[in-house]
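One structure below.
Computed from a predicted model, the values in this text were never measured in an experiment. Atoms within a ligand are numbered from 1 in the order they appear, just like the ligands themselves. For this chain, numbers begin at 1 and follow the sequence in order.
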Amino acid sequence: MSDTVVVTGGAGFIGSHACKALAEAGFSPVTYDNLSRGPREAVLYGPLEVGDIGDVDRLTAVLRDYDPCAVMHFAAYAHVGESVSDPLLYYRNNVSGSVGLLEAMRDAGVTNLVFSSTCAVYGVPQRVPITEGHPQAPINPYGASKQMMERIIADCEPAWGLRAVVLRYFNAAGADPDGDLGENHDPEPHLIPNVLDAALGRKDGLTVNGTDYPTPDGTCIRDYIHVSDLAQAHILALKHLLDDGPSMALNLGNGNGYSVREVMEAAERVTGLPIPWHVGPRRPGDPPSLVGDATQARRILGWTPGRSGLDVQIADAWRRRLHELQAPQEAAVAAARKTA
Ligand SMILES: NC(=O)c1ccc[n+]([C@@H]2O[C@H](COP(=O)([O-])OP(=O)(O)OC[C@H]3O[C@@H](n4cnc5c(N)ncnc54)[C@H](O)[C@@H]3O)[C@@H](O)[C@H]2O)c1
């Protein structure tokens with residue numbers, strides 16, 4: 001069997017880390033990405049095929065050409081707020097585009113899929129930690145787009161033999177521990193990179209979106225999971241499929257929730273810098289608390305997330321940020337310390 005894996009969205013944050021993990025595990029990753037939200041420079045492991053998942057002819061040709069044993073499908077838009085203001089963009093890309101991918105897989109005879117889903121499929125949880133059996137009631141178009149894809153993927157199994165491991169991530173964070181890869185979103189929607197840039201004085205303080213949530217300190221609680229731990233889970237899910245394991249959906253989180261204030265405190269510990277911040281409005285579509293129960297992924301896949309302590313995740317992201325900023329960074333830290 002081929003050791004090639006086509007990785008849609010391989011230029012993105014999680015996809016690029018998955019490509020590294022694939023290469024280290026002896027697979028041959030091929031990135032398929034339109035580079036709309038991920039940089040070419042993040043494709044360090046295996047070839048890059050520039051293309052859109054909605055371009056079924058091109059994608060079918062790429063799949064026929066490489067004859068992969070599986071597809072890992074990361075390509076999507078993933079900003080909750082943007083999905084609320086422009087839902088059709090999300091349904092077009094995440095649903096129509098992904099249907100294009102499934103058509104290409106069917107036509108090229110590729111029947112193994114690892115799919116990036118999200119805790120946003122659950123909506124506002126009735127209980128935490130959230131297990132896979134928790135009712136799904138997404139409260140934003142982004143979560144709805146992923147829920148629709150989960151359903152569509154499930155419908156393809158009896159129809160033409162698609163088998164899939166659906167991975168519902170909580171909040172991906174951190175960066176490659178070797179410093180080879182990081183997070184490159186513009187604008188950056190995720191908390192930890194924004195906290196670090198606030199520490200460096202690279203933005204006018206951190207905006208904390210809501211301090212009046214029904215949580216102990218009033219700020220939103222999230223479950224942060226290291227991107228390299230997520231990448232490892234993808235390797236295990238792939239091997240599960242290649243060993244003829246059944247289709248399933250699994251949560252990937254670390255099981256501990258941290259509030260925005262706790263993340264800021266941890267970042268102050270890691271960087272030694274204060275985090276300037278101010279209160280902003282709640283973001284539409286943001287549930288107060290999302291914490292996952294990943295017992296099934298640990299039990300079925302044998303997954304052991306080793307880098308998902310909060311301080312470790314922030315330290316890896318911090319190291320990568322310093323690396324990206326290179327020499328001027330030293331000056332920036334010194335300047336931030338002086339004005340602190
Ligand atoms: N980052 C998180 O915390 C998180 C949490 C849960 C789920 N997810 C899911 O994980 C996946 C990856 O997230 P990420 O944070 O790495 O996102 P990202 O934006 O960094 O990467 C997505 C990549 O997909 C590419 N892409 C987007 N639309 C495309 C299209 N139509 N055709 C080809 N390429 C396209 C982009 O150029 C980018 O390189 C997404 O499906 C996202 O919904 C992410």
Original post:
Nearest heavy atom to atom 10 (O) of ligand 1: which of Phe170, Tyr142, Tyr169, Phe74 does it belong to?
Top reply: Tyr169
Original post:
Is ligand 1 under 4.0 Å from a heavy atom in the side chain of His190, in the backbone, in both, or in neither?
Top reply: side chain
Original post:
Is the closest N or O pair between Asp52 and ligand 1 shorter than 3.5 Å?
Top reply: yes
Original post:
How close does the nearest protein non-hydrogen atom get to atom 39 (O) of ligand 1, and which residue and atom is it?
Top reply: Asp33 OD2, 2.6 Å
**OP:** Measure the distance from atom 22 (C) of ligand 1 to every protein heavy atom, then report the residue, atom name and distance (to 0.1 Å) of the closest one.
**Re:** Ala76 O, 3.9 Å
Original post:
So, the side chain of Arg321 versus the backbone of Gly182: is there a donor-acceptor pair under 3.5 Å, distance only?
Top reply: no
Original post:
Among Ile14, Leu191, Leu167, which residue places a heavy atom closest to atom 14 (P) of ligand 1?
Top reply: Ile14
Original post:
Short N/O distance, under 3.5 Å, between Ile53 and ligand 1?
Top reply: yes
Subject >> Distance filter under 4.0 Å to Ser116 heavy atoms, resulting ligand 1 atoms >> reply: 9 (C), 10 (O), 11 (C), 41 (O)
Original post:
Taking the inter-plane angle between the rings of Phe13 and His190 on a 0 to 90° scale, is it parallel (under 30°), tilted (30 to 60°) or perpendicular (over 60°)?
Top reply: tilted
Original post:
Is the shortest distance from a Lys or Arg side-chain nitrogen in Arg106 or Glu103 to a carboxylate oxygen in the other one below 4.0 Å?
Top reply: no
**OP:** For atom 3 (O) of ligand 1, find the nearest protein heavy atom and state the residue, atom name and distance (0.1 Å precision).
**Re:** Ala172 N, 2.9 Å
**OP:** Considering the heavy atoms of Gly51, write down every atom of ligand 1 situated less than 4.0 Å from one of them.
**Re:** 32 (N), 33 (C)
Original post:
Which heavy atom of Gly123 sits nearest a heavy atom of Pro287, and at what distance?
Top reply: O-CG, 4.0 Å
Subject >> Atom indices of ligand 1, in the order listed, that fall short of 4.0 Å to a heavy atom of Ala78 >> reply: 42 (C), 43 (O)
Subject >> For Leu35, the ligand 1 atoms whose distance to one of its heavy atoms is below 4.0 Å >> reply: 37 (O)
**OP:** Step through it carefully: locate the ring centre of Tyr169, locate the ring centre of His234, and say whether they are under 6.0 Å apart.
**Re:** yes
**OP:** State whether Arg320 and Glu183 are salt-bridged, where the test is any N-O pair (Lys NZ or Arg NE/NH1/NH2 against Asp/Glu carboxylate O) under 4.0 Å.
**Re:** no
Subject >> Pairs involving residues 110-146, ordered by first then second residue, that meet ring pair (Phe, Tyr, Trp, His ring centres under 6.0 Å) (sequence neighbours left out) >> reply: His73-Phe115, Tyr122-His134
**OP:** Write out the residue and atom name of the closest protein heavy atom to atom 21 (O) of ligand 1, then the distance separating them to 0.1 Å.
**Re:** Gly12 CA, 3.3 Å
Subject >> Nearest option to atom 30 (C) of ligand 1, as decided by whichever heavy atom of Asn34, Thr118, Thr8, Thr31 sits closest >> reply: Asn34
Original post:
Counting only heavy atoms not in Arg127, do more than 12 fall under 6.0 Å of its CZ?
Top reply: yes
Subject >> Shortest protein contact, atom 28 (N) of ligand 1 (heavy atom only) >> reply: Asn93 ND2, 3.0 Å
Subject >> Whether His73 lies under 4.0 Å from ligand 1, heavy atom >> reply: no
**OP:** Could you list the atoms of ligand 1 found under 4.0 angstrom from a heavy atom of Gly9?
**Re:** 23 (C), 24 (O), 25 (C)
**OP:** Scan side-chain atoms only and decide if Asp229 and Ser308 contain a donor-acceptor pair under the 3.5 Å cut-off.
**Re:** yes
**OP:** Have a look at Arg222, Arg40, His185, Glu183 and point out the one with the heavy atom closest to atom 18 (P) of ligand 1.
**Re:** His185
**OP:** State, without any angle test, whether Asp293 and Thr131 hold a side-chain donor-acceptor pair at a distance under 3.5 Å.
**Re:** no
Original post:
With sequence neighbours left out, what residues match Thr207 under side chain to side chain donor-acceptor pair (under 3.5 Å)?
Top reply: His278
Original post:
Below 4.0 Å from any atom of ligand 1, is there a heavy atom belonging to Ser36?
Top reply: yes
**OP:** Kindly indicate whether the side chain of Leu242, heavy atoms from C-beta on, has any atom under 4.5 Å from the side chain of Met1.
**Re:** yes
Original post:
For Ser117, is the nearest heavy atom under 4.0 Å from an atom of ligand 1?
Top reply: yes
